[in-house]
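I have placed the structure first, in the form of structure tokens, so that the comments after it can refer back to it.
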Amino acid sequence: MPWKPVPTTTGAWWLPQNVTADRYYFDQSFAEAVVDLARRGGYGRLLDVGAGVGRYVGFYRARGLEASGI
């Protein structure tokens, strides 16, 4: 990995500006399973804790779920 997250005093971290979403792993099978479980459970809102650059949040939103990431 040519880049490293920079830790802060709060425990959060910053990424260098040249880091893009394509450098984050995305498991589509996992994301589809989450969407399926949310729909079967009647949940319309999801919270992704540790969302990074928001790839899963974007996936969930594109499938009609209300999603937020932190």
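Predicted, not measured: the structure shown is a model, and the values here were computed from it. Each residue takes its place number in the sequence, starting with 1.
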### Query
If we only count heavy atoms from C-beta on, is the Y56 to D27 side-chain gap below 4.5 Å?
yes

### Message
I'd like to check L65 versus V35 (side-chain heavy atoms, cut-off strictly below 4.5 Å). Are they in contact?
### Response
yes

### Task
Applying ring pair (Phe, Tyr, Trp, His ring centres under 6.0 Å), name anything that partners Y60, two or more places apart in sequence or on another chain.
none

#### Entry: R45 side-chain N/O to E66 backbone N/O, donor-acceptor pair under 3.5 Å
no

### Summary
d(D48 CG, R55 CZ) to nearest 0.5 Å is 12.5 Å

### Task
State which residues pass side-chain contact (heavy atoms from CB on, under 4.5 Å) with D36; sequence neighbours excluded, sorted by chain then number.
R40

### Enclosure of F26 CZ (heavy-atom neighbours >12, cutoff 6.0 Å)
yes

### Query
Just checking, R63 and F59: is the charged tip under 6.0 Å from the six-membered ring centre and within 45° of the axis?
yes

### Message
Restricting to non-hydrogen atoms, name the atom on V57 and the atom on A51 that form the minimum distance, rounded to 0.1 Å.
### Response
CG2-CB, 4.5 Å

### Heavy-atom closest contact (L46 atom, A38 atom, distance)
CD2-CB, 4.1 Å

